[in-house]
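Worksheet for the structure shown next.
Numbering of residues begins at 1 and proceeds along the displayed sequence.
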Amino acid sequence: MFDRIFADMSHRVANWAGQPPAFVLALATVIIWLVTGPIFHYSDTWQLVINTGTTIVTFLMVFLIQNAQNRDGSAIQAKLDELIRAVDAARNDFIGIEHLTEAELQRIKAVLEQECGDDATHHLAIARLLERR
């Protein structure tokens, strides 16, 4: 139950944090803090307020956004695995390779690039992709 609540909350916060109103709220907070500087004579306490506030918000947002990214990554991986499974010509050996080490993934990538070879069709396809940019 806690997992579901946390997942829902992190998804909502991550979505909201990426919207313009969140930026406007953060900007307004900083502007208000700056405007109050002369009132508080730019004291250590005045500086501590913004430092503490931003540290707390950053600390909490890291966990919420990471949770949302983890779920999104897992969902994408599941969808890709389903596509590999559903396509007859695809190699099912690739399902689950996200659990391999970086070195193992690099070896697989090198083998796949070698399988593509140096044929002209491959180079033309890459050139066309680059031209689209």
Contacts of type side-chain hydrogen bond (donor to acceptor under 3.5 Å, both in side chains), residue Asn15, not counting sequence neighbours: His11
Phe94 atom CZ: more than 12 heavy-atom contacts under 6.0 Å: yes
CG-CG distance between Asp44 and Asn51, expressed to the nearest 0.5 angstrom: 10.0 Å
Inter- and intrachain pairs under side-chain hydrogen bond (donor to acceptor under 3.5 Å, both in side chains), touching residues 53-67, at least two apart: Ser10-Asn67, Gln66-Asn70, Asn67-Arg71
Nearest heavy atoms of Leu64 and Val13, plus distance in Å: CD1-CG1, 3.7 Å
Verify same cluster id: Tyr42, Ile39 (apolar side-chain graph, 4.5 Å): yes
Same apolar cluster: Ile76 and Ile97, side chain cutoff 4.5 Å: no
pair Asp81-Glu98: side-chain heavy atoms closer than 4.5 Å: yes
Closest non-hydrogen atom pair between Ala68 and Ala14, with its separation: CB-CB, 3.8 Å
Contacts of type side-chain hydrogen bond (donor to acceptor under 3.5 Å, both in side chains), residue Gln19, not counting sequence neighbours: none
Inter-residue atom distance Lys109.NZ - Glu102.CD, 0.5 Å rounding: 9.0 Å
Joint cluster assignment, Leu100 & Ile95, ILVMFWY side-chain distance < 4.5 Å: yes
Anything under 3.5 Å between a donor and an acceptor, one on a side chain of residues 25-38, the other on a protein residue two or more places apart or in another chain? List them.
from: Thr29; atom 1: OG1; to: Leu25; atom 2: O; distance (Å): 2.8
from: Trp33; atom 1: NE1; to: Trp46; atom 2: O; distance (Å): 2.8
from: Thr36; atom 1: OG1; to: Ile32; atom 2: O; distance (Å): 3.2
from: Thr36; atom 1: OG1; to: Trp33; atom 2: O; distance (Å): 2.8
from: Thr36; atom 1: OG1; to: Trp46; atom 2: NE1; distance (Å): 3.1

Phe63 and Phe59 aromatic ring geometry - parallel, tilted or perpendicular at 30°/60° bounds: perpendicular
pair Met9-Arg12: side-chain heavy atoms closer than 4.5 Å: no
Arg85: partners by side-chain hydrogen bond (donor to acceptor under 3.5 Å, both in side chains), with sequence neighbours left out: Glu82
Minimal non-hydrogen separation, Ala90 against Ile84, with atom names: CB-O, 3.4 Å
Results of ring-ring contact (aromatic ring centres under 6.0 Å, His included) for Phe40 - residues two or more places apart only: none
